[in-house]
Amino acid sequence: MNHPKASPFARIEQEVGLSKITVEYSRPSAKGRTLFGNQPNGAPGLVPYGRIWRVGANESTKITFSTNVIIGDNSLEKGTYALYAFPYENKWEIVFHKNLTHWGDGRKNYDPNEDALRIALLPTEVKDFQESFLISFDDIDHNGTLMNWNWGTTQISIPIHFDTKAIMKVQIADKLSNAPSAQTYYEIARYYQEQNIHTNEAKEYVERAIELGGDTYYFHRVRSLILADLKMFDEAITAAKISMKLAEKEGKDEFVRLNQDNIAHWKALSIIKK
């Protein structure tokens, strides 16, 4: 029979820049039990200190990285790993393990020589009680995220980073060598502006996009932001006014407001500059 599980399965996918993280795990619940360390009477809790834990329940937790990744300060090749942890009172050891065949924590068969990476992290005590074990991602940008484990009042935060700039550099070179369109030039310019890199090149690319693709509110908006980054505030205001007028025609109220806010800000900066 297919019984409902006390620790139901969960799958989470998180995009980070041009990479993807996938985690598959089961979510046990606290149910009033002592989770980590010892119970008040000295008996071991659900996850005793110093013992391997499968980071969840049932079969071992699996994590997959679509591209090469940096965990803390350590490089890890793309692929799928079993996630294990060795909790202690004042630190946790987090393991990315190459052997995916163990059921659960593989306590009897676990071999540290098969670890791909082991790092030490400090646990944090949080105020809000998490009843069912939760893996989540926070502080996400183009280049990284924090993977958080929460159970009871304990939180572990694992910094994860990707070299998105290197991935984009290869992609940009490929796109520019294959009959780039107005959209290609715009997307490169927007990426450079968002990352605050290659600002002069970004200006050239967005102007090329306008030359090839004509006037659009989003082409001119990105151009205005790039000009402001170059401290060319009067020119930025002019570009923002064009973007605002085009956005009004298309009923893009959000972009009208964004341009209005930028114009007011850049007018103040222009006065200071003069």
Does a side-chain N-to-carboxylate-O contact under 4.0 Å join [X] and [Y]?
{"X": "E207", "Y": "K203", "result": "yes"}
{"X": "E211", "Y": "R208", "result": "yes"}
{"X": "E254", "Y": "K252", "result": "no"}

Could you tell me whether a side-chain N or O of [X] sits under 3.5 Å from a main-chain N or O of [Y], the two making a donor and an acceptor?
{"X": "Q39", "Y": "N41", "value": "no"}
{"X": "T145", "Y": "D138", "value": "yes"}
{"X": "D174", "Y": "V170", "value": "no"}
{"X": "R51", "Y": "P48", "value": "no"}
{"X": "E248", "Y": "V256", "value": "no"}
{"X": "S270", "Y": "K267", "value": "no"}
{"X": "T164", "Y": "H142", "value": "yes"}
{"X": "S243", "Y": "Y217", "value": "yes"}

Check the angle between the aromatic planes of F133 and W149 and answer parallel, tilted or perpendicular using the 30° and 60° thresholds.
->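 Rings of F133 and W149: perpendicular, over 60°.
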
Check the angle between the aromatic planes of F96 and F65 and answer parallel, tilted or perpendicular using the 30° and 60° thresholds.
->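 F96 and F65: tilted rings.
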
Centroid separation Y110 to H97 less than 6.0 Å =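 Centroid separation for Y110 and H97: below 6.0 Å.
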
F36 vs Y49, ring-ring contact (aromatic ring centres under 6.0 Å, His included): CA-CA, chis, key distance, verdict = CA-CA 7 Å; F36 303 108; Y49 288 142; 7.8 Å; no

V16 and I160: side chain to side chain contact (heavy atoms under 4.5 Å, CB included), yes or no, with the steps?
-> CA-CA 10 Å; V16 181; I160 297 175; over 6 Å; no

Is [X] atom [atom1] crowded by more than 12 heavy atoms from other residues, nucleotides or ligands, each under 6.0 Å away?
{"X": "N178", "atom1": "CG", "answer": "yes"}
{"X": "Q183", "atom1": "CD", "answer": "yes"}
{"X": "N2", "atom1": "CG", "answer": "no"}

4.5 Å side-chain heavy-atom contact, [X] and [Y]:
{"X": "Y84", "Y": "H102", "result": "yes"}
{"X": "K175", "Y": "I172", "result": "no"}
{"X": "K127", "Y": "T153", "result": "no"}
{"X": "S7", "Y": "K5", "result": "no"}
{"X": "N200", "Y": "L230", "result": "yes"}
{"X": "L117", "Y": "I71", "result": "yes"}
{"X": "L121", "Y": "I158", "result": "yes"}
{"X": "Y88", "Y": "N90", "result": "no"}

Can you give me the closest heavy-atom contact between [X] and [Y], atom names plus distance?
{"X": "L146", "Y": "S157", "value": "CD2-CB, 4.4 Å"}
{"X": "P40", "Y": "T34", "value": "CD-OG1, 3.9 Å"}
{"X": "A182", "Y": "L212", "value": "CB-CB, 3.8 Å"}

From [X] [atom1] over to [Y] [atom2], what is the distance, rounded to the nearest 0.5 angstrom?
{"X": "K245", "Y": "N259", "atom1": "NZ", "atom2": "CG", "result": "12.5 Å"}
{"X": "I21", "Y": "I63", "atom1": "CD1", "atom2": "CD1", "result": "6.0 Å"}
{"X": "Q171", "Y": "L176", "atom1": "CD", "atom2": "CG", "result": "10.5 Å"}
{"X": "Q14", "Y": "I12", "atom1": "CD", "atom2": "CD1", "result": "6.5 Å"}
{"X": "Y186", "Y": "R221", "atom1": "OH", "atom2": "CZ", "result": "9.5 Å"}
{"X": "S75", "Y": "I70", "atom1": "OG", "atom2": "CD1", "result": "5.0 Å"}

Over-ring placement of R118 relative to F86, 6.0 Å and 45° cut-offs |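 Output yes; distance and angle both within limits.
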
In terms of hydrophobic clustering (I, L, V, M, F, W, Y; side-chain heavy atoms under 4.5 Å; direct or indirect links), are [X] and [Y] co-clustered?
{"X": "V95", "Y": "I135", "answer": "no"}
{"X": "L83", "Y": "L76", "answer": "yes"}
{"X": "V206", "Y": "F255", "answer": "yes"}
{"X": "Y191", "Y": "V222", "answer": "no"}
{"X": "I140", "Y": "M147", "answer": "yes"}

Worked verdict on D115 versus K98 for side chain to side chain contact (heavy atoms under 4.5 Å, CB included) | CA-CA 6 Å; D115 292 348; K98 291 182 285 188; over 6 Å; no

Given the rule in the salt bridge (charged side-chain N to carboxylate O under 4.0 Å, His left out) test, do R11 and E13 qualify, once you have shown the distances and angles that lead to the verdict?
-> CA-CA 7 Å; R11 188 175 193 270; E13 291 187 353; 2.6 Å; yes

Which residue pairs satisfy the side chain to side chain donor-acceptor pair (under 3.5 Å) criterion with at least one member in residues 55-67, sequence neighbours excluded?
->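 Every side chain to side chain donor-acceptor pair (under 3.5 Å) pair that includes a residue of residues 55-67, provided the two are not neighbours, is S19-T67, S26-N58, S60-K62, T64-T80.
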
With sequence neighbours left out, what residues match D229 under side chain to side chain donor-acceptor pair (under 3.5 Å)?
->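 D229: side chain to side chain donor-acceptor pair (under 3.5 Å) contacts with Q193.
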
Would you kindly say whether N99 and Y81 are connected by a side-chain donor-acceptor distance under 3.5 Å?
->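 Per modelled atom types, N99 and Y81 side chains form no pair under 3.5 Å.
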
Any side-chain donor paired with an acceptor under 3.5 Å for D215 and H220?
->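 Yes - a donor-acceptor pair under 3.5 Å links their side chains.
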
Would you please test L225 and N262 for side chain to side chain contact (heavy atoms under 4.5 Å, CB included) and show each step?
-> CA-CA 9 Å; L225 296 172; N262 285 142; 4.0 Å; yes

Stepwise side chain to side chain contact (heavy atoms under 4.5 Å, CB included) test for N148 and Q155 = CA-CA 7 Å; N148 293 322; Q155 177 173 286; 4.2 Å; yes

